[in-house]
Peer 1: 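One structure follows; several queries about it will come next.
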Amino acid sequence: MYPEAPAPTVDSAAAIVRVVLDVPLDRQFDYLNPGLPIREGNRVVVPFAGRQLVGIVMALLSETDIPIQKLKAVLQVFDDVPLDAATFKLLRFCADYYHYPFGQTVLSSLPLRLRQIKPAVSRKTWLYRLAQPVPDDFVGKRQQVLARLITLLQQHEECSEALLGEASATWRKAMQPLLDSGLVTRREVVATRPSLAASEHEPVLNEEQASAVAAILGTLRQFQPWLLFGVTGSGKTEVYIRLLQTVLSEPQAQVLIMVPEINLTPQLEGRFRSRLSQFPLVTLHSHLSESERLQNWQAAQTGAARIVIGTRLSVFTPMPHLKLMILDEEHDSSYKQQDGMRYHARDVALVRAKQCGIPVVLGSATPSLESWYNASGQPAAGQAGRKPGYRLLTLTQRAAAQARLPRIFCIDTTHSPAEAGLTPQLKQAITQRLQRGEQSLLFINRRGYAPVLHCSACQWLADCQRCSARMVLHLRQRVLRCHHCGAEQRIPVQCPSCGNPDLRPVGQATQRIEETLQQLFPQARVARVDRDTIQAKDALTELLSAVHDGKVDILVGTQMLAKGHDFPNLTLVGVLDTDSALYSPDYRASERLFAQLMQVAGRAGRGDKPGEVLIQTAFPQHALFAALQAQNYAEFADSLLQERIALQFPPATYIAIIKAEAPDYALVKQFLTELAEAGREFIRQHVATFTDQPVIYDPVRPGLARLNRMERGYVMLQSHQRGALQQLLHAAVDWAWQHPLQAKIRWTVDVDALEQG
DNA sequence: AGCACGCCGACT
DNA sequence: GTCGGCGTGCTC
Ligand SMILES: [Zn+2]
Ligand SMILES: [Zn+2]
């Protein structure tokens, strides 16, 4: 046996290559090695069912159960860095835990370029410098790009590619003769973009921050989950930076920082770059081009990048010297993948930390109840599956002096009804801000003009043809649009059912609020921010800077505005509609609402101008608001947790959902009914092996019963023990793969589902 | 998922 | 006669 991976030689004893592919089949495929230098973890091209696919080599074998005449030969092997065993171990765990085909798990963790057949040559990044003076006759009269390049090179000692790009988009072509003649030399740079000047500003840590840093640093080189519970403005980022400074002082050490996509702003990246300027840093997020993504991913994989800041998917990025993981805003539901393998990056990060034997820091001002439960030492009422060992760190002091929480008031809409979505108090508060030259921000979590178009004569409502949902009225584009499937239709001039021409928009959404504000405050500059207005690339950035420059008086938008930017002159935040979340059938809605309102409150007021938050609600006495006003998330979370324990909802129990959809619900129902029955039968037959007996609920239809012409259904599986739930899921999923309807319908498993449907 | 192979309606 | 519709079944 080989102690390490075998040398890349032609070995007839290991002529079988076992490969995983990006196909929805939970199997591996064997091929013959025609004598290529193949190693485990390599990327190969293989023939498969009449086409060519990229696969990853799992093993080199000397024999296989597949008849030799059925085996095809590997066509090609790429010479890029093979995937390492630690990464495979993590991917294997996730494929098992989330019941997703291993091949698809592996391939979907790779940058797109590595899933495609063309060689993934990541272009290297260089810095260019003038080696010797350029002779006068070198530049021809019409070679303007070349002339501009030389000017830039003369002005700067070293030129980045971004800088040279200012000369022309095709500067590389003009550069070639300079390189060929030796007039210009270049050196490769790894992962450092225009390096920011190191910031000497090193804030003094307060006592809580300092002891948090010390506590975490005390657990390096061992698995330890930390929950860093820090109120808004308590300086969590500063804690992260100090941790990195120490951890990265060890040669080669790498750190992975995860943030929700919307939080990965240039400002955040810049802060880490300037405070840790000596360490190569790369980011991984959806706005990168594919070649940037590949380059950054490879920089992490080779160890060249010491700091990786990424979103959900970056939890799988190979990092050979990973010493610490940080997951900021750990409560954010965008960490849960909602299609394909439905993993939760927070939970995967915990598994990875355990496998690597390193600490993981989960940061939040409003921790998820899962983490709260794990960290706060709640009474373990019948909880055998509870993870021990979480440690809680609390930051209660506002580190930044200017980070003052605004005053929060509820406006009782039962006493002062909203007119066109706005209560008199809120209108008055806006008027005041306009008079003082200050800015206001209004939240309404629905885009479009009105959520419903209604016929008052016959009660007709505009429905989507493809979904069981209402069409949303978009007046600006003069269409009805389904927010679930994207279908559009023209606004009918009369009721399609009774011919009544008087169709009325019902309810409020961003466009309509914007219109109302323009009518109420004709002199005010109103701007709207939602998915519809920020389609263009830099639209959001432009708008935010307009707000910053005081060119906007009132900003209307969806939750999209709740994060990130601070506007010093913004002193009023209005929340127009919270009641749908307060009494939602989704038991997680109030937890999410609290987090959102907390974040929203952070937008109001800075420095000498105190902020004010006005929340319109018919339920001002709700405990959520009292906790919000007192900024007491801990107490609120404790009470929610008691409810969950009493009702046996997560995190007091474990659930998984198996969903199915097809154009015909009869097939879905048959599949799910038989699945539930087979699962119950499995439990009966293996009852002695279950330390907790799972429950399988009958198939039901989700709130959105039809989506894009697909009829949907699901069954829920529940157990007080993770292990028991997994045991059942393995049996159920094995059963499902065997079912004749398996390929006719679409079915998915969602372990630890956040919502149903 | 793709992509073959396969067996019935209207077209050069 | 054959071009092509998409139903069924397999992929090392
Ligand atoms: Zn009508
Ligand atoms: Zn629809």
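Naming convention: chains lettered A, B, ... in sequence-line order (proteins, then strands); numbering from 1 in each chain. Computed from a predicted structure; not experimentally measured.
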Peer 1: Checking contacts here: which listed nucleotide (C:dT11, C:dC12, B:dA1) is nearest the side-chain heavy atoms of A:A49?
Peer 2: C:dT11
Peer 1: Check for me whether A:R346 meets the cation-pi criterion with A:Y335, that is, NZ or CZ under 6.0 Å from the six-membered ring centre and within 45 degrees of the ring axis.
Peer 2: no
Peer 1: Find the distance A:I68:CD1 to C:dC12:P and express it as a whole number of Å.
Peer 2: 14 Å
Peer 1: Please confirm whether A:R342 makes a cation-pi placement over A:Y100, using NZ or CZ under 6.0 Å from the six-membered ring centre and within 45° of the ring normal.
Peer 2: no
Peer 1: How many whole angstroms separate atom CD of A:Q742 from atom P of C:dT11?
Peer 2: 15 Å
Peer 1: For A:L71, report the nucleic acid contact type (base, sugar-phosphate, nothing); a contact means any heavy atom under 4.0 Å.
Peer 2: sugar-phosphate
Peer 1: For A:Q104 and B:dG2, give me the distance from atom CD to atom C1', rounded to whole Å.
Peer 2: 12 Å
Peer 1: Could you state the CG-C1' distance from A:L53 to B:dC3, rounded to the nearest angstrom?
Peer 2: 11 Å
Peer 1: Distance under 6.0 Å and angle within 45° of the ring axis: does A:R18 meet both against A:F29?
Peer 2: no
Peer 1: Taking only N and O in the side chain of A:K70, is any of them less than 4.0 Å away from OP1 or OP2 of C:dC12?
Peer 2: no
Peer 1: For A:L21, answer base if it contacts any base atom (sugar-phosphate contacts may also be present), sugar-phosphate if it contacts only those atoms, and nothing otherwise; contact means non-hydrogen atoms under 4.0 Å.
Peer 2: nothing
Peer 1: Which part of the nucleic acid, if any, lies within reach of A:P67 when heavy atoms closer than 4.0 Å are counted: base, sugar-phosphate only, or nothing?
Peer 2: nothing
Peer 1: OP1 or OP2 of C:dT11 sitting under 4.0 Å from any side-chain N/O of A:K72?
Peer 2: no
Peer 1: Would you sort out whether A:L322 and A:V255 count as a side chain to side chain contact (heavy atoms under 4.5 Å, CB included), showing the intermediate values?
Peer 2: CA-CA 6 Å; A:L322 185 62; A:V255 178; 5.6 Å; no
Peer 1: Among side-chain atoms of A:D692 and A:S719, is any donor-acceptor pair under 3.5 angstrom?
Peer 2: yes
Peer 1: A:R18 near the nucleic acid: base, sugar-phosphate alone, or nothing, with a heavy-atom cut-off under 4.0 Å?
Peer 2: nothing
Peer 1: Starting at CG of A:D26 and ending at C1' of B:dA1, how long is that distance when rounded to a whole Å?
Peer 2: 14 Å
Peer 1: Find the distance A:Y31:OH to C:dT11:C1' and express it as a whole number of Å.
Peer 2: 8 Å
Peer 1: CZ of A:R115 versus C1' of B:dA1: gap in Å, rounded?
Peer 2: 14 Å
Peer 1: Could you tell me the separation between the CG atom of A:L741 and the P atom of C:dG9, rounded to a whole number of Å?
Peer 2: 13 Å
